[in-house]
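Report on the following structure.
Counting from 1, the numbers follow the sequence of the chain as shown. We count ligands from 1, going down the list as the structure has it; atoms in each ligand are counted the same way.
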Amino acid sequence: MINECLICNSIINEILNINFIFSFKAYQNIYICKLCRNDFIKITGNKCKNCCKKGDFESKICLECKRWSTLYNFKLENYSIYEYNEKMQDFFQKYKFNGDFKLRKVFQNDLVNYLNNKSEILVPIPVSEKAMESRGFNQVIGLIENIEYCECLKALNNKKNQSKKNRKERLQTKQPFSIISDQIKLVEGKEVILIDDIYTTGVTLRHATNLLLHNGVKKVRSLTLAR
Ligand SMILES: [Zn+2]
Ligand SMILES: [Zn+2]
């Protein structure tokens, strides 16, 4: 099996070993070479049990989550797979902002492996109509395109793009989503995992969680590729 690394274009020489062949694991295509993979760092060790921020916090909850807990009557239950380091920033520049659609495949296996055996319904964070027009795709759905999901959230038209806002502006945002009424029926009374690409301030996920809980969803947690 010969593939080209989607990040550096070098040839990936992948030899299936005999143990794998007899292990009955589903074969996953590899889209990134070993060298590039080493540039992306998984979040391990001590972290905030609400938002997955790295660090050793008092009672395992970071200051920001403690602050949020006075605003909302739910706790975030977020898991993020990778650190948002320079390489990840680079990746998102190419994938999300330059719109290189083939890059959606680079981390699909990571999400599939995490979501494997989870019984919740997946709900991707939607992108605005404007972003859809300029990018041509929802970068979050790109990450989970091979898994079943429910699009019950819709982005409200917002004058300013979320990623162009500064931190203060982001924290002050009003609810940026609305419900798609015929789709929300599919998740009423059910448990949901929200999927997003990058965890920045957590405002997006808190708004989406709040909206779903107010519309009959039983439980919400979230998964982001990077944080
Ligand atoms: Zn590479
Ligand atoms: Zn936290």
Side-chain angles (χ1 to χ4, degrees), residues 1-16 28-96 98 100-111 113-114 125 142-143 162 167-168 170-173 192-210 212-213 219-227:
M1 178 86 217
I2 293 173
N3 266 342
E4 237 180 54
C5 172
L6 292 178
I7 306 271
C8 72
N9 301 322
S10 68
I11 298 294
I12 305 169
N13 274 311
E14 204 189 314
I15 299 150
L16 281 187
Q28 292 186 320
N29 235 326
I30 293 173
Y31 296 101
I32 175 172
C33 73
K34 260 195 183 139
L35 274 177
C36 288
R37 180 156 290 283
N38 288 340
D39 290 334
F40 298 100
I41 314 293
K42 286 200 170 155
I43 298 176
T44 53
N46 287 325
K47 50 200 162 196
C48 169
K49 69 177 180 189
N50 289 4
C51 72
C52 212
K53 185 191 180 96
K54 249 186 108 136
D56 193 5
F57 305 105
E58 193 202 342
S59 60
K60 295 226 174 329
I61 297 174
C62 76
L63 271 177
E64 216 157 309
C65 283
K66 277 179 190 158
R67 240 173 40 210
W68 279 107
S69 68
T70 59
L71 284 171
Y72 285 120
N73 61 353
F74 62 83
K75 284 187 186 79
L76 211 61
E77 204 184 306
N78 178 66
Y79 186 79
S80 301
I81 302 175
Y82 285 98
E83 292 179 18
Y84 191 63
N85 61 7
E86 213 176 297
K87 280 286 162 179
M88 194 53 94
Q89 220 173 316
D90 249 30
F91 168 81
F92 275 108
Q93 179 61 43
K94 290 181 185 136
Y95 174 45
K96 187 169 168 176
N98 303 354
D100 189 349
F101 189 51
K102 69 175 185 300
L103 291 178
R104 72 194 185 282
K105 294 195 172 291
V106 172
F107 295 109
Q108 279 177 356
N109 290 343
D110 290 294
L111 283 106
N113 292 340
Y114 175 81
I125 292 291
L143 298 173
Q162 182 75 5
R167 187 177 172 80
K168 203 174 164 208
R170 277 172 191 235
L171 293 177
Q172 289 168 338
T173 50
V192 153
I193 300 181
L194 277 168
I195 312 287
D196 205 359
D197 50 2
I198 309 165
Y199 184 111
T200 312
T201 60
V203 173
T204 304
L205 289 172
R206 285 184 166 89
H207 275 310
T209 300
N210 197 31
L212 290 175
L213 290 174
K219 191 171 178 250
V220 182
R221 51 186 182 134
S222 62
L223 170 68
T224 76
L225 175 61
R227 195 213 190 286

The Zn ion (ligand 2) - number of protein N/O/S atoms closer than 2.8 Å: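 Total protein N/O/S atoms under 2.8 Å from the Zn ion (ligand 2): 4.
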Residue pair Asp110 / Tyr82, side-chain donor-acceptor N/O under 3.5 Å: yes
Polar side chain donor-acceptor pair, Ser222 to Asn78, under 3.5 angstrom: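 Checked: Ser222/Asn78 side chains pair up, N/O donor to acceptor below 3.5 Å.
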Closest contact, heavy atoms only, Glu83 versus Met88: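 For Glu83 versus Met88, the nearest heavy atoms are O-CB, 3.7 Å.
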Over 12 non-hydrogen atoms of neighbours within 6.0 angstrom of [atom1] in [X]:
X	atom1	result
Lys105	NZ	yes
Lys49	NZ	no
Lys60	NZ	no

Side-chain donor or acceptor of Arg227 paired with backbone N/O of Cys51 under 3.5 Å: yes
Geometric class of the Tyr84/Phe92 ring pair [parallel <30°, tilted 30-60°, perpendicular >60°]: tilted
Geometric class of the Tyr72/Trp68 ring pair [parallel <30°, tilted 30-60°, perpendicular >60°]: parallel
Total protein N, O or S atoms, the Zn ion (ligand 1), separation less than 2.8 Å: 4
